[in-house]
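Input: a single structure, listed below in C-alpha cells.
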Amino acid sequence: MSAFLKKEILSHIRNGQFVILVIVFMLFGILNPATAKLTPKLLELAKDSLASSGLEIHAMKITALDAWLQFFKNWFLVLIIFLLVEGDIFSKEYAVGTLIISVTKGLSRYKIVLAKLVVLVTAWTLGLLLSFGLTYIYSDYYWDNATVLHIFSAALGVWLLGLLVITFFVFFSVVVKTSTSALLGTGLSFGLIYLLSLWPKFKKFSPLLLSQGSQLITKQLATDDLITPVIVTLIMGLVLLVLAIPVFNRRRL
C-alpha cells in the first residue's frame with residue numbers, strides 16, 4: 001500500500017493538483033480578514049453614490065468576528081473547488097486501466113480505496129489548516145481573536161463535515177465510472193440530508209449542523225448542540241467506507 005500511496009502523492013504533484021489546492025486554500029485564508037478589513041473602506045468610497053440613491057451609510061466597527069464570519073460563510077465553496085480538483089482521482093484510472101495493473105501485481109483492492117481516501121483526507125486537512133492558520137494570524141494581527149468564542153470547535157465541525165463529503169465522494173467513485181456521476185451522487189446525497197434537516201425531529205441529528213460555524217461563534221448555537229451531529233457524521237462516514245470496500249471488490253476495473 002505504501003508504494004501505491006507514494007504513486008498517488010507523486011501523481012498529484014506532477015499533475016499540479018497540490019499546487020492548485022495550496023493556492024486556493026491560501027487565497028481563502030487571506031481573503032477572509034482582507035474582506036472584513038476592506039469592507040468599510042469600499043463602503044466609504046461608495047458613500048456618495050449610495051447617498052444619492054437614498055441609502056445612508058454609517059461608520060462600521062470591524063472586529064475579528066467579521067473575519068471569522070467570512071471564513072465560515074465561504075468554506076463550502078472551497079470544499080466544492082477541492083472536489084472539482086480531485087474529482088478524477090478514481091475515474092482517470094478507470095479510463096486508462098492502471099488499476100488493473102496494480103491489482104494484477106497483487107495489490108489488494110481495499111488498499112486502493114484506503115490509499116486514495118488517505119490522500120484526499122490529508123489534502124483536505126492540510127488545506128483547511130493552512131486557511132485556518134492564515135485567517136487566525138491576520139485576524140489576530142488586525143484585531144483580537146480572543147474576542148471570538150468557539151473558533152476551534154466551529155472549525156472542527158467544518159473539518160468533520162468535509163470528511164463526510166469526501167467519504168460520500170469516495171463511495172460514489174467506486175460505484176460509478178465517471179467523476180461527474182460521483183460528484184452528482186455526492187451532491188444529491190447532501191441535498192437529501194438538507195431536505196431531511198428541514199424536518200424538526202431530524203434537524204438536531206443532521207450533519208449539516210456542523211456547517212453552522214457562524215452560528216456557533218455568534219452564540220446562536222452551543223457546542224453541546226453539535227455532539228449528536230458529530231456522532232451521526234462519524235457513523236455515516238464509517239458505514240460508507242465499510243460499504244465502499246466490498247462494492248469496489250466486485251466491480252470491473
Side-chain angles (χ1 to χ4, degrees), residues 21 24-39 60-84 120-169 186-187 189-191 193-198 200 202-237:
L21 290 177
V24 168
F25 281 108
M26 281 186 67
L27 285 174
F28 172 55
I30 293 171
L31 283 176
N32 296 316
T35 302
K37 185 73 174 175
L38 293 174
T39 296
M60 296 176 61
K61 183 180 180 182
I62 301 298
T63 66
L65 178 64
D66 296 283
W68 288 109
L69 287 174
Q70 288 293 323
F71 180 91
F72 292 112
K73 183 177 75 171
N74 297 329
W75 77 270
F76 198 71
L77 175 61
V78 177
L79 179 59
I80 291 174
I81 296 173
F82 175 86
L83 289 178
L84 292 174
L120 291 173
V121 169
T122 302
W124 168 246
T125 302
L126 294 179
L128 194 63
L129 279 173
L130 176 62
S131 291
F132 181 88
L134 287 170
T135 300
Y136 191 93
I137 290 170
Y138 281 104
S139 296
D140 206 49
Y141 176 78
Y142 288 116
W143 305 288
D144 183 7
N145 285 323
T147 61
V148 186
L149 300 176
H150 309 308
I151 295 175
F152 294 99
S153 298
L156 181 61
V158 165
W159 175 71
L160 280 174
L161 186 57
L163 293 189
L164 182 61
V165 173
I166 289 170
T167 310
F168 264 103
F169 173 69
T186 303
S189 297
F190 275 85
I193 293 174
Y194 172 75
L195 291 176
L196 288 172
S197 300
L198 299 178
F202 179 80
K203 186 175 182 179
K204 65 179 180 180
F205 299 99
S206 175
L208 292 181
L209 271 179
L210 299 179
S211 69
Q212 303 302 311
S214 57
Q215 293 189 21
L216 193 60
I217 63 175
T218 54
K219 304 178 186 178
Q220 298 176 57
L221 274 178
T223 53
D224 289 347
D225 295 331
L226 301 184
I227 294 176
T228 301
V230 165
I231 295 172
V232 172
T233 298
L234 293 174
I235 292 173
M236 287 179 67

Taking all heavy atoms of [X] and all of [Y], pick out the closest pair and write down the distance.
X	Y	result
Lys203	Leu209	O-CD1, 3.4 Å
Ile217	His150	CG2-O, 4.0 Å
Pro33	Tyr138	CG-CB, 3.5 Å
Leu164	Gly237	CD1-N, 3.7 Å
Ala67	Asn32	O-CB, 3.7 Å
Asp144	Asp140	OD1-OD1, 3.7 Å

- prompt: With a 6.0 Å cut-off on ring centres, are Phe25 and Trp75 close enough?
  reply: no
Using a 4.5 Å cut-off on heavy atoms from C-beta on, say whether the side chain of [Y] contacts that of [X].
X	Y	value
Thr218	Leu69	yes
Trp143	Trp68	no
Leu79	Trp124	yes
Gln70	Leu31	no
Phe71	Ile151	no

Quick check for you: to the nearest 0.5 Å, what is the distance between [X] atom [atom1] and [Y] atom [atom2]?
X	Y	atom1	atom2	result
Asp225	Leu210	CG	CG	11.0 Å
Ser139	Ile137	OG	CD1	10.0 Å
Leu126	Ser131	CG	OG	11.0 Å
Phe205	Ile193	CZ	CD1	14.5 Å
Leu234	Leu160	CG	CG	6.0 Å
Leu216	Leu226	CG	CG	5.5 Å

field: Residue pair Thr125 / Trp159, side-chain donor-acceptor N/O under 3.5 Å
entry: yes
- request: Step by step, work out the side-chain contact (heavy atoms from CB on, under 4.5 Å) result for Phe76 and Ile80.
  value: CA-CA 6 Å; Phe76 198 71; Ile80 291 174; 3.9 Å; yes
- request: Answer yes or no: is there a donor N or O on one side and an acceptor on the other, between the side chain of Asp66 and the main chain of Ala36, under 3.5 Å?
  value: no
- request: Could you check whether the rings of Phe152 and Phe132 sit parallel, tilted or perpendicular, using 30° and 60° as the cut-offs?
  value: tilted
message: The test is side-chain contact (heavy atoms from CB on, under 4.5 Å); show your working for Leu128 and Phe82 and say whether it passes.
response: CA-CA 11 Å; Leu128 194 63; Phe82 175 86; over 6 Å; no
field: Pair Phe28-Leu130, side-chain contact (heavy atoms from CB on, under 4.5 Å): steps then yes or no
entry: CA-CA 9 Å; Phe28 172 55; Leu130 176 62; over 6 Å; no
query: Crowded around Phe202 CZ? As in, over 12 foreign heavy atoms under 6.0 Å?
result: yes
task: Evaluate whether atom CZ of Phe190 has more than 12 neighbouring non-hydrogen atoms of other residues, nucleotides or ligands under 6.0 angstrom away.
output: yes
message: Applying side-chain contact (heavy atoms from CB on, under 4.5 Å) to Lys37 and Ile62, what does each step give before you reach the verdict?
response: CA-CA 7 Å; Lys37 185 73 174 175; Ile62 301 298; 6.0 Å; no
